[in-house]
Amino acid sequence: IRSSAAAANRFFGYVGVGLAVAGAILAWWLSRLITAPIRQLTEISDRMKSLDFSAKYEGRGRTELDLLGRNMNEVSQKLEETISALRTANNDLRRDLDRRNREEEMRREFLSNVTHELKTPIALVRGYAEGLQDGIADDPENRAFYLETIVEESDRMNNIVQKVLQLNQLEFGDGSVSMERFDITALISNYLENASILAQKNGLTVQFEQKDPLFVWGDPFLIQEVFQNYYSNALNHADGEKVIDIRCEPAGDLVRVTVFNTGNPIPEKSLPHIWEKFYKVDKARTRAYGGSGVGLSIVKAIMDLHHRDYGVENYENGVAFWFELDRSGDKGSS
């Protein structure tokens, strides 16, 4: 009996220890099964609190915790979409506000510059008109001089206003260009032919050796305006040998048009400012030929619309202004 009792006690002891170990393992497994989704949901909620919506619940069961996890996934996705839309709208609003602030600043600066430019010709017209009214010019020669000055200053004001309106349209208009394939050689040749009398009047030699067609992409009307401003600038500043050299040089997918004129180089301190509205390197000379100081600003606005480069280079004997256009892919354009 004692031997059987001892054996039974040992058996029940082993069984008890085994059951205890098995129970502990079962309890640990069940706790893991229950607490793992809770820990995962807690981690997801912490990341959502920091606006990190990349974490997703991965459970595939049908318990209440799995249902809660899938609901949190949907909430996370909707929150991410909503915040993304809000950030996009906020960026658009900020960009619109910045653009409006820049435009308002440009308008104020523009108005100030226009007022400053028109002040002198208005004062001259008024002064000479009052002189005629008071009878200061009592002989035909003086009256003719007074009237000629009034007409010249009126033309100057009209030129300033027209240039200002054109630049205003380019900077504040719809910002679109009519892209066409055209022959830049023909455009330049036609313009030089029409403006030949100006070169003869100023005793200038104009060189343009390009004869073959060279097709590019751009807005022909606006590109002619760019070339016209470069040519007029060269015409009015050519000194020394008084030569204007025009070149069209293909380079890969681009064509560079260069207008060079002999004369004094532009001062280095003025180079960064020549594209600004109403900036004049030599105010006296600009006024002498009736310049408005807006031409290069128009060039800048047009080339920005074309998303192509432009610039100026100084040489020992002159200055070269240039701009680039996309070259047509047609083999016949070379």
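Relative to the ring axis of W322, R256 places its NZ or CZ within 45° and under 6.0 Å from the centre.
Rounding to the nearest 0.5 angstrom, the gap separating the CZ atom in F215 from the CG atom in L325 is 14.0 Å. With values rounded to the nearest 0.5 angstrom, F227 atom CZ is found 7.5 Å from F323 atom CZ. For the atom pair CD1 of I223 and CD of E180, the computed distance is 11.5 Å after rounding to the nearest 0.5 Å. In this structure, CD in E313 is found 7.5 Å from OG1 in T258, a value given to the nearest 0.5 Å. Taking CD1 of I188 as the start and CZ of R247 as the end, the distance is 13.0 Å to the nearest 0.5 Å. Here the CD1-NZ distance, from I274 to K300, works out to 12.0 Å after rounding to the nearest 0.5 Å.
With a 6.0 Å radius and a threshold of 12 heavy atoms from other residues, nucleotides or ligands, E209 has its CD atom at or below the threshold. Residue L86 places its CG atom among more than 12 non-hydrogen atoms of other residues, nucleotides or ligands, all under 6.0 Å distant.
Residues I244 and L192 fall within the same hydrophobic cluster, defined by Ile, Leu, Val, Met, Phe, Trp and Tyr side chains chained together at heavy-atom separations under 4.5 Å. Cluster membership check: I122 does not share its hydrophobic cluster with V151, using side-chain heavy-atom separations under 4.5 Å among Ile, Leu, Val, Met, Phe, Trp and Tyr. V125 is connected to L147 through a chain of hydrophobic side-chain contacts under 4.5 Å among Ile, Leu, Val, Met, Phe, Trp and Tyr, so both are in one cluster. When hydrophobic clusters are built by joining Ile, Leu, Val, Met, Phe, Trp and Tyr residues whose side-chain heavy atoms come closer than 4.5 Å, directly or via intermediates, V243 is not grouped with V319.
Closest of all the heavy-atom pairs between R308 and E324 is CB-O, 3.1 Å. In terms of heavy atoms, C248 sits closest to L214 at CB-CD2, 3.8 Å. Among all heavy-atom pairs drawn from S178 and P220, the shortest one is O-CD, 4.1 Å. Scanning all heavy atoms of the two residues, the minimum distance from A199 to V206 falls at CB-CG2, 3.8 Å. N236 and S232 make their closest contact through ND2-O, 2.8 Å (heavy atoms, listed as atom of the first residue, atom of the second, distance).
By the salt bridge (charged side-chain N to carboxylate O under 4.0 Å, His left out) test, D309 is found to be paired with no residue, residues two or more places apart in sequence or in another chain being considered. Among residues two or more places apart in sequence or in another chain, the ring-ring contact (aromatic ring centres under 6.0 Å, His included) test is passed with F182 by none.
Under a 4.5 Å side-chain heavy-atom cut-off, the cluster of Ile, Leu, Val, Met, Phe, Trp and Tyr residues that includes V15 is completed by F11, F12, L19. L97 forms part of a hydrophobic cluster together with L93, judged by ILVMFWY side-chain heavy-atom separations under 4.5 Å. The hydrophobic cluster around I1 extends to none of the other residues, as no ILVMFWY side-chain heavy atom falls under 4.5 Å of it.
Judged by distance alone, the side chain of H306 and the main-chain N or O of I302 form a donor-acceptor pair under 3.5 Å. In this structure, N314 contributes its side chain and P265 its backbone to no donor-acceptor pair below 3.5 Å. For the pair S297 (side chain) and W275 (backbone), a donor-acceptor distance under 3.5 Å is present. In this structure, the side chain of S196 engages the main chain of E193 through a donor-acceptor pair within 3.5 Å. Looking only at distances, no side-chain donor or acceptor of N233 sits under 3.5 Å from a matching main-chain atom of N229.
Among residues at least two apart or in separate chains, ring-ring contact (aromatic ring centres under 6.0 Å, His included) pairs with a member in residues 248-268 are F260-Y315.
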Steps toward side chain to side chain contact (heavy atoms under 4.5 Å, CB included) verdict (D92, N90)
CA-CA 5 Å; D92 292 340; N90 183 57; over 6 Å; no
Starting from the C-alpha separation in whole Å, work towards a yes-or-no answer on salt bridge (charged side-chain N to carboxylate O under 4.0 Å, His left out) for E74 and K78.
CA-CA 6 Å; E74 294 180 6; K78 291 182 179 179; 5.2 Å; no
For L235 and L204: C-alpha separation, side-chain torsions, deciding distance, then whether side chain to side chain contact (heavy atoms under 4.5 Å, CB included) applies.
CA-CA 8 Å; L235 195 73; L204 293 169; 3.0 Å; yes
Tell me, with the steps shown, if K211 and T185 meet side chain to side chain contact (heavy atoms under 4.5 Å, CB included).
CA-CA 7 Å; K211 302 300 180 184; T185 303; 5.8 Å; no
Residues I246, Q207; criterion side chain to side chain contact (heavy atoms under 4.5 Å, CB included); working and verdict:
CA-CA 6 Å; I246 302 166; Q207 300 174 350; over 6 Å; no
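Here the side chains of H237 and N261 are in contact, with some heavy-atom distance below 4.5 Å. By the 4.5 Å heavy-atom criterion applied to side chains, R327 and L254 are not counted as neighbours. Side-chain contact between D239 and T262: absent, with no pair of heavy atoms (C-beta onward) separated by less than 4.5 Å.
With respect to V299, the side chain to side chain contact (heavy atoms under 4.5 Å, CB included) criterion is satisfied by exactly one of V226, D304, L222: V226. Each of Y310, Y191, F321 was compared with Y230 under the ring pair (Phe, Tyr, Trp, His ring centres under 6.0 Å) criterion, and only F321 meets it.
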